[in-house]
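What you see is a predicted model, and the numbers here were worked out from it, not measured in a lab. Residue numbers count from 1 along this sequence.
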Amino acid sequence: MLFMIPLRTPTVVISIFAFALSALNAAPPAGAGDPIVDVGNSTVVKLRDTDGGVVWSVPVNNDGALAVDPADLSVYTALGGHAVGTDGATYKFNAAGQSVWTNSISLNSYCDFENVSHAAVDAGSGNPGVIWGENGCFGAIAKSDRATGGQQWSVLTYDISRPAVNPLSGQIYAVTDAGMT
């Protein structure tokens with residue numbers, strides 16, 4: 001005989017394969033496909049993906065920046081200071097639409113986050129957080145802690161158009177649309 005395989009080995013291999021396959025095909029958490037929308041920069045609404053019905057609605061003034069945390073389905077939004085030199089405000093709501101925290105966002109510059117136009121979530125890096133982008137008044141990018149909203153850093157830059165985060169490395173990518181020549 002060239003090969004001798006005990007009868008229990010195929011069962012163990014099949015069981016391990018079935019377990020791994022079930023983990024890959026695990027159902028997403030309830031509400032994972034529900035869209036989040038901003039209505040008139042004054043209300044954040046979570047809709048049911050099945051019929052478009054309202055799951056929850058929160059009145060909160062914002063600049064249109066919205067991001068959903070893939071780890072716990074919480075929602076982030078922000079409102080710039082809307083006056084030169086005035087800090088902005090950041091907000092986190094849990095998956096049920098309840099306020100988790102409110103914090104500030106600032107930049108040591110002339111504009112100091114006058115507008116917060118974009119948001120993205122870094123949920124997978126060693127230093128997870130929320131990335132905030134400002135498009136206008138020269139532009140800026142900043143990062144806040146997901147748990148507390150405390151600002152980790154900020155950088156004055158050219159206008160930022162929708163930052164994105166590599167979910168595996170946490171590397172932040174952003175495109176400037178400042179029209180440099």
Side-chain angles (χ1 to χ4, degrees), residues 18-82 86-105 113-125 127-136 139-152 159-175 177:
F19 175 76
L21 191 57
S22 69
L24 288 175
N25 291 325
D34 293 346
I36 304 293
V37 296
D38 171 43
V39 179
N41 289 3
S42 62
T43 306
V44 175
V45 181
K46 182 175 184 175
L47 302 171
R48 244 184 329 275
D49 70 338
T50 56
D51 63 7
V54 174
V55 176
W56 54 258
S57 176
V58 176
V60 59
N61 290 328
N62 66 82
D63 290 330
L66 281 177
V68 176
D69 194 321
D72 63 6
L73 302 181
S74 56
V75 177
Y76 303 92
T77 191
L79 178 68
H82 291 220
T86 305
D87 292 350
T90 56
Y91 307 92
K92 177 180 181 175
F93 300 95
N94 66 16
Q98 299 161 325
S99 178
V100 176
W101 51 251
T102 299
N103 219 314
S104 65
I105 186 170
F113 269 97
E114 189 173 270
N115 294 291
V116 186
S117 47
H118 302 293
V121 178
D122 167 15
S125 77
N127 185 24
V130 184
I131 310 304
W132 307 101
E134 177 181 36
N135 185 316
I141 190 166
K143 187 173 185 179
S144 296
D145 183 90
R146 288 170 45 228
T148 66
Q151 186 170 320
Q152 297 175 346
D159 293 346
I160 296 293
S161 179
R162 194 165 307 276
V165 180
N166 179 323
L168 299 176
S169 69
Q171 179 70 43
I172 301 166
Y173 298 90
V175 175
D177 60 0

Keeping the roles fixed (side chain from Asp63, backbone from Ala65), state whether a donor-acceptor pair exists under 3.5 Å. no

I'd like to know if the side chain of Asn135 reaches the main chain of His118, judged simply by a donor and an acceptor atom lying under 3.5 Å from each other, with no hydrogens or angles considered. no

Check: Trp56 side chain, Ala95 main-chain N or O, donor-acceptor pair, under 3.5 Å: yes

Side-chain donor-acceptor contact under 3.5 Å, Tyr173 with Asn166: no

Check: Asn115/Ser117 side-chain N/O donor and acceptor closer than 3.5 Å: no

Any side-chain heavy atom of Pro163 within less than 4.5 Å of one from Ile141? yes

Just how far is it from atom OH of Tyr91 to atom CG of Leu79, taken to the nearest 0.5 Å? 5.5 Å

Could you go through the side chain to side chain contact (heavy atoms under 4.5 Å, CB included) check for Gln152 and Asp145 one step at a time? CA-CA 7 Å; Gln152 297 175 346; Asp145 183 90; 3.7 Å; yes

For a quick test of reading the model, state the closest non-hydrogen atom pair linking Ser42 to Asn62 and the distance between them. N-ND2, 3.9 Å

For a side-chain contact (heavy atoms from CB on, under 4.5 Å) with Val75, tell me which candidate from Asp69, Val121, Asn94, Leu66 qualifies. Leu66

Asn103 versus Gln151: any side-chain heavy-atom pair under 4.5 Å? no

Between the OG atom in Ser99 and the NZ atom in Lys92, the distance rounded to the nearest 0.5 Å is 10.5 Å

Please examine the side chains of Asp122 and Ile172, heavy atoms only from C-beta on, and report whether any two atoms are closer than 4.5 Å. no

Closest approach of Ala78 to Val116 (non-hydrogen atoms, all atoms of both residues): CB-CG1, 3.5 Å

Could you tell me whether the side chain of Asp34 and the main chain of Asp49 form a donor-acceptor pair under 3.5 Å? yes

Rounded to the nearest 0.5 Å, the NE2 atom of His82 sits from the CD atom of Glu114 at a distance of 7.5 Å

Would you call the rings of Trp132 and Tyr76 parallel, tilted or perpendicular, where under 30° means parallel and over 60° means perpendicular? perpendicular

Less than 4.5 Å apart, side chain to side chain, heavy atoms only: is that true for Asn127 and Lys143? yes

Minimum heavy-atom separation for Ser125 and Ser169, please, with both atom names. CB-O, 3.7 Å

Between Ile105 and Ala142, which heavy-atom pair has the shortest distance, and what is it? CD1-CB, 3.8 Å

In terms of heavy-atom contacts, Arg146 and Ala71 come closest through NH2-CB, 3.4 Å

Atom of Val165, atom of Ala120 and distance for their closest heavy-atom approach: CG2-CB, 4.1 Å

Give, for atom OG1 of Thr43 and atom CG of Asn61, the distance between the pair rounded to the nearest 0.5 Å. 8.0 Å

